[in-house]
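Per chain, numbering begins at 1; letters A, B, ... match sequence-line order.
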Protein chains: 2
Amino acid sequence: MPKNKKTTPEPTNAELEILQVLWEHGPSTVRQIHEQLSHRRATGYTTTLKLMQIMVGKGLLARDESNRTHLYRDAQTREKTQRQLVRSLMQRAFDGSAAGLVMQALSTQKASSEDLAEIRRLLDELES
Amino acid sequence: MPKNKKTTPEPTNAELEILQVLWEHGPSTVRQIHEQLSHRRATGYTTTLKLMQIMVGKGLLARDESNRTHLYRDAQTREKTQRQLVRSLMQRAFDGSAAGLVMQALSTQKASSEDLAEIRRLLDELES
DNA sequence: TATTGTCAACGAAAACTTTCGTAGATTATG
DNA sequence: CATAATCTACGAAAGTTTTCGTTGACAATA
């Protein structure tokens, strides 16, 4: 009985870690997610399970229950989730300024020259 | 007896709202912050006060107690805090990719052509 | 079939964040 | 001076997130 909220809530930090694994590996079981997660953080299996159940409740994940071992996948596209997070940070810390955020991002960590080229291409698109 | 943590923790959402007001108006009293804040959210004066006291404890704010009415200011520069948040989001949702984050940010909201030009300048710098 | 292992479900504890009521001190006002 | 207003401090309640122990169902296997 999924909740019927208008908007999907933002994933919490722990939830995002699970999403990252799903983004990298595609639909997975709890066991698989937990396996990957345990390389980064030290939490129990049931913690991961519980989080994923909560995420289904929130509409962040969907699952296939046709087998005993459920298969989970992201309910939103990666891009949609990322956009939501970026928009949120932009509002909360950059007063809504995309340029401000972009500039901090670029000065924060060196992007590869391919990345920079791709950003240029995007700029060209946006200006046309 | 201030804590002596090596790194300043990330501001929470409510804390970030307070920082935004400080960024806009400069060093302020609790009353002033609360006044500004009340335009966006509905919380009591003591809530704002308590948050700001916690923020001092965390090292997010500093205060001048020489007068009865304390004067608060940000303990980190705006840019430092923003970079910290951007870096965190980059890690948590973009697998450390600055380019990925930048591209979502640019496609999220139209930046002005001056902004775009400024970003180009930054790209030029980064490539040299 | 009996034992062992894996799974989902549940609930509650622990940790963290946000809220505000109350108290005591200081300053302003009548 | 007495009263009211304003401020900091404190602590605890309410809300949210993260953690994990335990249980019962099912499956693999000896």
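- Residue A/Tyr45 places no side-chain N or O under 4.0 Å from the OP1 or OP2 atom of D/dG21.
- Between A/Arg41 and the phosphate of D/dT19, there is a side-chain N or O to OP1/OP2 separation shorter than 4.0 Å.
- With rounding to whole Å, A/Leu51 atom CG is found 15 Å from C/dA8 atom C1'.
- Taking atom CG of residue B/Leu49 and atom P of nucleotide D/dG11, one finds them 14 Å apart after rounding to whole Å.
- The side chain of A/Thr69 lies closest to C/dC7, out of C/dA9, C/dC7, D/dA9.
- Taking only side-chain nitrogens and oxygens, B/Thr12 comes nearer than 4.0 Å to OP1 or OP2 of C/dT18.
- Whole-Å rounding puts the B/Met52 CE to D/dA9 P distance at 12 Å.
- Looking at B/Asp64, its side chain does come within 3.5 Å of a backbone N or O of B/Ser66 through a donor-acceptor pair.
- Separating the CG atom of B/Leu37 from the C1' atom of C/dT18 is a distance of 12 Å, rounded to the nearest angstrom.
- With respect to the salt-bridge test (charged N to carboxylate O, under 4.0 angstrom), the residues B/Arg120 and A/Asp124 qualify.
- Comparing A/Thr48 and A/Glu10 against DNA chain D, the residue whose closest nucleotide sits nearer the 5' end is A/Glu10.
- Atom NE2 of A/His70 and atom P of C/dC7 are 11 Å apart (whole Å).
- Within the structure, every side-chain polar atom (N or O) of A/Gln53 is placed at least 4.0 Å from both OP1 and OP2 of C/dC10.
- The separation between A/Glu15 atom CD and D/dT19 atom P is 11 Å, rounded to whole Å.
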In sequence, state the C-alpha distance, the side-chain angles, and the governing distance for B/Arg41 and B/Glu17, and then conclude on salt bridge (charged side-chain N to carboxylate O under 4.0 Å, His left out). CA-CA 10 Å; B/Arg41 44 158 59 200; B/Glu17 295 210 55; 3.0 Å; yes

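- Taking side-chain N and O atoms only, B/Thr47 has a distance below 4.0 Å to OP1 or OP2 of C/dC20.
- Distances from the side chain of B/Asn13 to the nucleotides C/dT18, D/dC20, D/dT18 place C/dT18 closest.
- Not a single donor-acceptor pair, N or O on each side, falls under 3.5 Å between the base of D/dT8 and the side chain of B/Arg68.
- Taking 4.5 Å as the limit, some side-chain heavy atom of A/Leu85 sits within range of a side-chain heavy atom of A/Glu10.
- In this structure, B/Asn67 atom CG and D/dT8 atom P are separated by 11 Å, rounded to whole Å.
- Among pairs with a residue in residues 42-51 of chain B, those fulfilling side-chain hydrogen bond (donor to acceptor under 3.5 Å, both in side chains) read B/His34-B/Thr48, at least two apart in sequence or across chains.
- The 5' end of DNA chain C is approached more closely, in terms of each residue's nearest nucleotide, by A/Arg63 than by the other of B/Thr43 and A/Arg63.
- The phosphate of D/dA5 has neither OP1 nor OP2 within less than 4.0 Å of any side-chain N or O from B/Arg31.
- Per the geometry, CE belonging to A/Met55 stands 16 Å off C1' belonging to D/dT19, to the nearest Å.
- Judged by distance alone, with hydrogens and angles left aside, B/Lys50 brings a side-chain donor or acceptor within reach of the base of D/dG11, the pair sitting under 3.5 Å.
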